[in-house]
Amino acid sequence: MVNRYQPQEFEKKWAEQWKKEKINIFNPDSNKEKYYVLVELPYTSGDLHIGHWFTFTHPDVLSRFKRMNGFNVFFPMGYDAFGLPAENAAIKRKIHPKDWTMKNIETMTKQFQQMGTMIDWDWMTITCLPEYYRWNQWIFLKMYEKGLAFRGKTLSNWCPSCQTVIANENIENGKCWRCGETVVQKDVEQWFLKITDYAEQLIWDDKPKVDWPTSVRTGQNNWIGKKSGINIDYPVKNTEETITCFTTAPVNFGMTFIVVAPEHDLVKKIISGEIKVDSKCKKEIEEYYKKAQEKTEMDRLMEGKKKTGVFTGLYATNRIAGWDVPVWVADFAIGNVGTGAVQGCPGHDYKDFEFAKKFNLPIIRVVVGEDGDQSEIKESRQIIVKGMKGKMVNSKFLNGLEFSEGLEKTMDYAEEKGWGKRVFSYHIRDWSISRQRYWGTPVPVIHCIDCGIVPVPENNLPIELPYEVDFTPHGKPPLATNEKWLNVKCPKCGKPAKRDAETLDTFFDSAWYWFRYLSPQYEKGPFDELRASRLTPVDVYFGGSEHTLGHTLYARFFTKFFQSLKMLNYDEFALKRIQHGIVLGPDGSKMSKSKGNVINPDDVVIEYGSDTARLYLCFMMPYEGTGAWSTQTIAGVNRFLGRIWKIYQEQYQRLNIKDQKEDERLIIKLKKTIKKVTEEISNIKMNTSIAAMMEFLNDFEKSLAPNPYSLTPEHAKQFLQILAPFAPFMTEEIWRNVFGEKESIHLSTWPKVEGEISFDPP
RNA sequence: GUCGGGGUGGCGAAAUGGUAUACGCGCAAGCUUGAGGGGCUUGUGGUCGCAAGACUGUGCAGGUUCAAGUCCUGUCCCCGACACCA
């Protein structure tokens with residue numbers, strides 16, 4: 001009688017035993033080749049859900065596989081522990097954010113350990129502890145020293161619910177990425193990082209030296225938004241003024257007006273009276289300006305694409321085409337996009353067309369080639385000009401050229417004449433890092449009335465976050481409520497001064513954490529540079545696609561900054577990036593408590609055990625995929641493990657039988673399977689690895705009917721080994737208790753298949 | 001609108017240009033069992049046929065090739081990101 005597969009009987013036992021045997025201890029000084037597997041550090045929300053298991057299982061399988069292949073695998077773990085949710089939860093439940101966070105870390109760690117990962121928890125790094133954030137402060141000061149951290153007053157994205165500024169990258173559809181509140185514009189003085197200085201370096205070229213998905217590379221490039229174009233100057237008649245318009249496509253022969261944003265200098269000068277305009281126009285402009293000021297950027301968008309605007313009474317000269325155009329103020333032009341002024345070419349641009357239509361401005365469509373042959377127009381959209389006054393010009397200037405060629409020629413011509421200057425424009429803006437909240441890294445500067453901004457001397461770090469503050473939101477930064485902490489002496493002149501009461505964006509924390517993993521207790525710098533030179537870059541970085549424009553971009557920025565400080569000798573921190581999808585609820589929609597479709601890993605472990613959960617998460621879909629949890633498929637995967645269990649219990653408990661002949665075909669099949677699984681795990685295709693093993697099991701079972709010893713124990717052990725990264729508990733149980741091995745299967749050597757496998761088993 | 005990724009059985013999904021649908025789920029029939037929502041065996045793209053088999057088949061329309069799910073051109077649809085960006 002063979003006992004059934006009951007993982008609950010041995011999974012706990014092995015977790016304990018592995019701890020005792022220290023099989024998962026990472027040795028940084030090993031002379032084996034390094035392999036660094038990194039997963040984005042989870043936020044300390046407190047509840048570990050099945051998504052975490054999904055995210056971590058594939059990397060764990062890869063790590064175990066690499067270890068069995070002789071690599072010194074570093075698979076560390078940490079927590080992203082600062083941030084608003086902790087503070088909000090604390091306000092709601094009247095617990096201190098620190099206590100809330102530390103308690104969550106404890107629970108989550110316990111749950112994580114059930115997964116049976118090979119993570120060595122001794123390297124755990126927690127971002128809210130002074131030994132970590134002290135180095136945030138150190139990095140900040142270095143950036144300040146290099147002019148990369150600066151204080152600026154600008155119109156910023158403000159979340160009224162979080163009472164803090166947030167970065168562009170963290171706005172989703174005009175809403176705060178964390179709380180979902182509509183973001184408004186507010187003039188705030190705050191700290192920025194000059195990521196724009198690194199814009200060029202952050203652009204991906206066509207054949208990058210690291211293996212990152214195209215979606216990330218093009219996404220980041222679009223976000224950086226480098227565009228080649230020209231700033232063309234338009235002298236405003238009867239004034240000393242010039243309006244400069246940026247354009248990537250100077251269709252000046254179709255240009256019939258100019259629009260300036262309400263924030264444009266020209267508008268300010270008109271209102272101040274510096275530029276004289278018709279009094280009726282002036283009045284309208286003043287009103288329009290006032291209205292625009294009341295609107296947030298979001299309001300402007302919300303009002304849809306309804307074009308509004310007022311005429312200034314001024315005209316500017318379009319020197320390229322040789323005519324004058326009226327100048328309008330309209331809020332579809334945005335102050336900080338381009339030059340804040342748009343040249344209106346309604347025959348070629350849909351927004352310009354709408355505007356021209358509404359205010360009855362002429363619409364000219366430029367055509368190239370013979371007599372306005374429409375078929376020659378390649379670059380522009382078709383626009384209906386029916387019923388509008390307008391015309392088509394067959395541009396002498398562009399005649400006989402491809403449209404894009406003609407635009408190039410226009411730019412050269414304008415530049416030659418001194419009417420414009422070729423420039424590159426970028427979409428990326430400087431990264432706002434100030435947060436008017438409590439639970440974050442204090443900005444290490446002191447504000448002195450006499451000396452201004454004084455950086456905290458390096459040996460005074462860390463500036464510890466005080467425990468006692470009033471962190472309920474009331475418009476004033478919470479840190480400013482602790483007077484004792486706030487008031488200090490100026491390090492320069494010794495007079496009374498105040499600390500900066502803001503904290504750093506948590507994306508700052510996560511922009512370099514994988515370096516800290518290398519030496520979490522290191523005292524001489526943010527990380528041990530010698531160790532970094534040996535153990536980094538990261539070989540594979542696993543994470544979510546939501547970090548394409550935020551986290552991974554910042555992380556690349558910081559890496560390049562460290563390189564500039566000569567702390568590193570490379571500029572891309574991860575050789576490969578893989579982004580996971582989402583495990584949906586059994587009903588096919590996103591898991592949420594309110595829908596009641598949440599799969600709790602603890603329940604799955606009770607029902608099927610960790611191995612089945614791991615195997616299922618690897619088998620259900622590719623890592624990049626998004627799909628629903630299936631209670632039926634997981635049962636099928638459980639059956640697969642049960643069948644293996646049964647065979648090994650039945651066949652290999654009695655090892656004394658000789659005179660049996662191995663099944664040649666099965667051995668070839670085994671070799672093929674080993675080869676396939678080896679390749680598939682290397683490519684992080686866990687679903688097809690498992691499929692290959694299932695195929696083998698089918699053949700194995702069939703072969704047993706005529707020949708109960710179709711595989712020798714040696715070969716049977718090989719199959720167990722290739723299954724081990726997926727099902728670490730069951731394979732260990734069989735390895736040791738059926739085959740009587742003394743050392744863990746996870747420290748055994750991955751079976752090698754030499755040469756070609758010629759024979760095709762039927 | 002722009003940019004990225006995709007459309008393959010009832011479902012999740014496989015296929016270095018070379019037998020399309022591996023593997024799993026589901027379903028059907030049979031066996032096992034005191035019983036079974038358990039275990040095992042077989043079958044399972046569609047149409048026609050008792051059958052052997054024939055035809056057809058990877059969103060749609062063309063093309064390249066001895067050979068196309070895969071390469072090329074056009075087109076439709078879905079998902080994701082960005083977006084009054086000039």
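Order of the sequence lines sets the chain letters (A, B, ...), proteins ahead of strands, with each chain counted from 1.
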Can you tell me how far [atom1] in [N] sits from the matching atom in [M], rounded to whole Å?
N: B/rA15; M: B/rU8; atom1: C1'; result: 10 Å
N: B/rU70; M: B/rU58; atom1: P; result: 9 Å
N: B/rC3; M: B/rG74; atom1: P; result: 13 Å
N: B/rU47; M: B/rG39; atom1: C1'; result: 36 Å
N: B/rG59; M: B/rC66; atom1: C1'; result: 28 Å
N: B/rC76; M: B/rA67; atom1: P; result: 29 Å
N: B/rU21; M: B/rC11; atom1: C1'; result: 13 Å
N: B/rC85; M: B/rC78; atom1: P; result: 23 Å

Please pick, from [options], the nucleotide with the shortest atom-to-atom distance to any side-chain atom of [X].
X: A/Met621; options: B/rG12, B/rA15, B/rC84; result: B/rG12
X: A/Lys351; options: B/rA81, B/rG4, B/rC84; result: B/rC84
X: A/Asn222; options: B/rA15, B/rC3, B/rG4; result: B/rC3
X: A/Pro622; options: B/rA86, B/rA14, B/rC82; result: B/rA14
X: A/Thr218; options: B/rC3, B/rA14, B/rC84; result: B/rC3
X: A/Met694; options: B/rA14, B/rG24, B/rA86; result: B/rG24
X: A/Phe619; options: B/rA15, B/rG24, B/rA86; result: B/rG24
X: A/Trp223; options: B/rA83, B/rC23, B/rA86; result: B/rA83
X: A/Val337; options: B/rC23, B/rG5, B/rC85; result: B/rC85

Contact class for [X] vs. all strands (heavy atom < 4.0 Å): base, sugar-phosphate, or nothing?
X: A/Gly219; result: nothing
X: A/Pro213; result: nothing
X: A/Thr339; result: nothing

Base-pairing mate for [N] - Watson-Crick or G-U, with both contacts under 3.5 Å:
N: B/rU70; result: none
N: B/rA22; result: none
N: B/rA51; result: none
N: B/rG43; result: B/rC27
N: B/rA13; result: none
N: B/rC84; result: none
N: B/rG57; result: none
N: B/rG36; result: none

Does [N] have its OP1 or OP2 closer than 4.0 Å to a side-chain nitrogen or oxygen of [X]?
X: A/Asn687; N: B/rA22; answer: no
X: A/Arg639; N: B/rG39; answer: yes
X: A/Lys227; N: B/rA86; answer: yes

Distance check needed: [N] [atom2] versus [X] [atom1], whole Å only.
X: A/Glu263; N: B/rA86; atom1: CD; atom2: C1'; result: 15 Å
X: A/Asn698; N: B/rC40; atom1: CG; atom2: C1'; result: 13 Å
X: A/Glu695; N: B/rA15; atom1: CD; atom2: P; result: 12 Å
X: A/Met686; N: B/rA22; atom1: CE; atom2: P; result: 23 Å
X: A/Lys685; N: B/rA13; atom1: NZ; atom2: P; result: 14 Å
X: A/Ile230; N: B/rA86; atom1: CD1; atom2: P; result: 16 Å
X: A/Tyr608; N: B/rG38; atom1: OH; atom2: P; result: 11 Å
X: A/Lys226; N: B/rC82; atom1: NZ; atom2: C1'; result: 20 Å

Taking side chain as C-beta onward, heavy atoms only, is A/Gln651 less than 4.5 Å from A/Leu711? no

Can you confirm whether A/Trp629 sits close enough to A/Leu584 that some side-chain heavy atom of one is under 4.5 Å from a side-chain heavy atom of the other? no

Which pair of non-hydrogen atoms, one from A/Lys307 and one from A/Phe355, has the smallest distance, and what is that distance? CB-CD1, 3.9 Å

Taking for each residue the nucleotide of RNA chain B bearing the nearest heavy atom, is the 5' side occupied by A/His427 or by A/Thr633? A/Thr633

Closer to the 5' end of RNA chain B via nearest nucleotide, is it A/Met620 or A/Ser630? A/Met620

Measuring centre to centre across the rings, with the benzene-like ring taken for any Trp, is A/Tyr616 within less than 6.0 Å of A/Tyr608? no

Quick check: A/Trp431 with A/Phe192 (ring centres under 6.0 Å apart)? no

Conformer about C1'-N of B/rG36 - syn within 90° of 0, anti elsewhere: anti

Strictly below 4.0 Å, N to O, side chains only: are A/Glu200 and A/Lys226 in salt-bridge contact? yes

Note: A/Glu701-A/Arg643 ion pair, threshold 4.0 Å (strictly below): yes

Do you know which of A/Thr244, A/Thr317, A/Ile243 makes side chain to side chain contact (heavy atoms under 4.5 Å, CB included) with A/Asp233? A/Thr244

For the residue pair A/Phe311 and A/Trp328, categorise the inter-ring angle as parallel (less than 30°), tilted (30 to 60°) or perpendicular (more than 60°). tilted

